[in-house]
Amino acid sequence: MAAPKTAITPTRQDNYAEWYQQIVKAADMAEVSPVRGCMVIKPWGYALWENMHKELDVMFKDTGHENAYFPLFIPISFLQSEAEHVDGFAKECAVVTHHRLTMNAEGKLVPDGLLEEPLIVRPTSETIIGATYAKWVQSYRDLPIKINQWANVVRWEMRPRVFLRTAEFLWQEGHTAHATEEEAREETHTMLKVYEKFAREYMAMPVICGEKPSGERFPGAVATYSIEAMMQDRKALQAGTSHFLGQNFARAQGIKFQDRDTQEKFAWTTSWGVSTRLIGALIMTHSDDNGLVLPPRLAPKHVAIVPIFKNDDERVTVVAHAKEIKKRLEAQRYEGDAIRVTIDDRDMRFGDRAWYQVKHGVPLRVEVGPKEIEAGTATVIRRNTLAKENQTIDQLVATVATQLQTIQNELYEAADKRLKSSSVRVNTRDELLAFLGDSEEGSMDKGGFAYAHFCDRPEMFEWLKQHRLTARCTPLDEPRTPGKCVFSGDATDTVGVFAKSY
RNA sequence: CGGGAUGUAGCUCAGCUUGGCUAGAGCGCCUGGUUUGGGACCAGGAAGUCGCAGGUUCGAAUCCUGUCAUCCCGACCA
């Protein structure tokens, strides 16, 4: 059977949504589980998450945060304490009402032992953590509290999509409490910048930092900031959020302290998080029609050595040689880590093994067979370009870190070029529609980021909804210039980014 | 949660309209052989209580009811 032209079918062009699912499958990232809306994250996907976790954790600690852990279950009364918060999350809460099972007459297990107060499975932890902080804080000397938790949360979503929107997902949530508004705002901003740095430097994913318009704000927040990324189908994906919660949650949870001036005051709190959605973002930013493409800084393996052999004799020689190369590569460092190398000498045909590594997105593939051993070289193939090059082993070892950095840079530049070439400035609603279109799901015909003056009124959100568009954010680096709202015609100095979104 | 579609072997699906004998194919998997520098070929083989629970019937993958799940479109969302 002839091989298809691309390793992944359909291609991005043919059906983007299906292409995404096929990438996840071909790269062994995850699969749907027997549990509604929940995914099984497979080792290759989880290794990627572990790398994200590891790098982010360092960044959190460098900005003065500590890790802690709070309960999975939250009493319903806690959720109720902040009105907007209830509105935002009540509809998607999993609820625990019983605490044991018994066997009924038909031999079926049924819930028994009704709880006095039902518990929800945390959709986010502002309330439980806030209630805890309330006990910890009495004096201004107890502030700030800067804690992060790595956890799983549950949001009973109606339309799950692997990594992008699952009922249960893994994330980190930072929760801080401060004595002053200024300090809390600063914290919100600092963490947004941490996310931006992580997206750009580790994920090789350009993002726009901005404040969410009122209609997109976190339930209960005074201000929500996000990093917005553009996927290859030119739809926006919110990749991380940082919320300034004002004193809303402090009031609701009773986080009070006595200040220097002897007055009792409510604390100012923040929360911020990124989730396994980042994996989805990574996939849709870099991958191509041949499978996953991973940025070297996060790739579980930097290099896959694929030995070529015809028979057992050759196999012994070539694999021994491959192990030598592996050892030498592992002695090199890239961005502070030892080079991560795997040898794929599985009992499979060479072509299958080569394609396996392509589909799994390993940045560098090194092929060695009897011919290379003879010549003292290796065939080196870069995943992002699939360009082949003959390199001596010495050359490879000496330049492997540089080659990885080149790939990292090229991935960022390609993504940045896409972002910039798909961003326009629009001055009317018609221009907005002409640019973003009303095109079908999965179509890549139209899309991108449209910059427009706007004044954040309910009518705008109504109109956007009708056209399946969203207001992403007001970019922080966008200068305030006088203009007219493209929706109402009123004068405004605020510019927003509009896009179709995930 | 509303509208639509689909659940048959590990995967993709045919069979269902018009109920009938031992439920099929391709891919994958296992064994043997030939191959092996780019996703192999030949031969043999294993594998399904037809999503689940009821009902109609002499007889149900097929008809009816319920239920669960998945996908698509809305609403919701990290």
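Lettering of chains follows the sequences in order, A, B, ..., and the numbering in each one begins at 1.
- Taking atom NZ of Lys310(A) as the reference point, atom C1' of G37(B) lies 7 Å away to the nearest angstrom.
- Here Phe350(A) does not lie in a stacked arrangement on the base of G37(B), lacking the combination of planes under 30° and ring centres under 5.5 Å apart.
- In this pair, Phe60(A) and His65(A) present their aromatic rings perpendicular. The plane angle is above 60°, beyond the 30 to 60° band.
- C50(B) and G20(B) are spaced 15 Å apart, taking the P atom of each and rounding to whole Å.
- Phosphate contact (OP1/OP2 of C77(B), side-chain N/O of Arg155(A), threshold under 4.0 Å): absent.
- Across every non-hydrogen atom of Ala415(A) and Thr285(A), the tightest pair is CB-CG2, 3.9 Å.
- Sequence order on RNA chain B of the closest nucleotides to Lys25(A) and Arg217(A) puts Lys25(A) first from the 5' end.
- Between the P atoms of G26(B) and A69(B), the separation comes to 34 Å (whole Å).
- The stretch residues 354-374 of chain A comes close to RNA chain B through Ala354(A), Trp355(A), Lys359(A), Arg365(A), Glu367(A), Gly369(A), Pro370(A), Lys371(A), Glu372(A), each having a heavy atom under 4.0 Å from the strand.
- If you take atom C1' in U6(B) and the same atom in G45(B), they sit 32 Å apart, rounded to whole Å.
- At the phosphate of A75(B), neither OP1 nor OP2 sits under 4.0 Å from any side-chain N or O atom of Lys91(A).
- As a whole-Å value, the separation of Lys465(A) NZ from C73(B) C1' is 16 Å.
- Interatomic distance, CD of Glu31(A) versus NZ of Lys25(A), reported as 9.5 Å (0.5 Å rounding).
- When the C1' atom is compared between G48(B) and G55(B), the two are found 24 Å apart, to the nearest whole Å.
- For Arg353(A) and G38(B), the shortest distance from a side-chain N or O to OP1 or OP2 is not below 4.0 Å.
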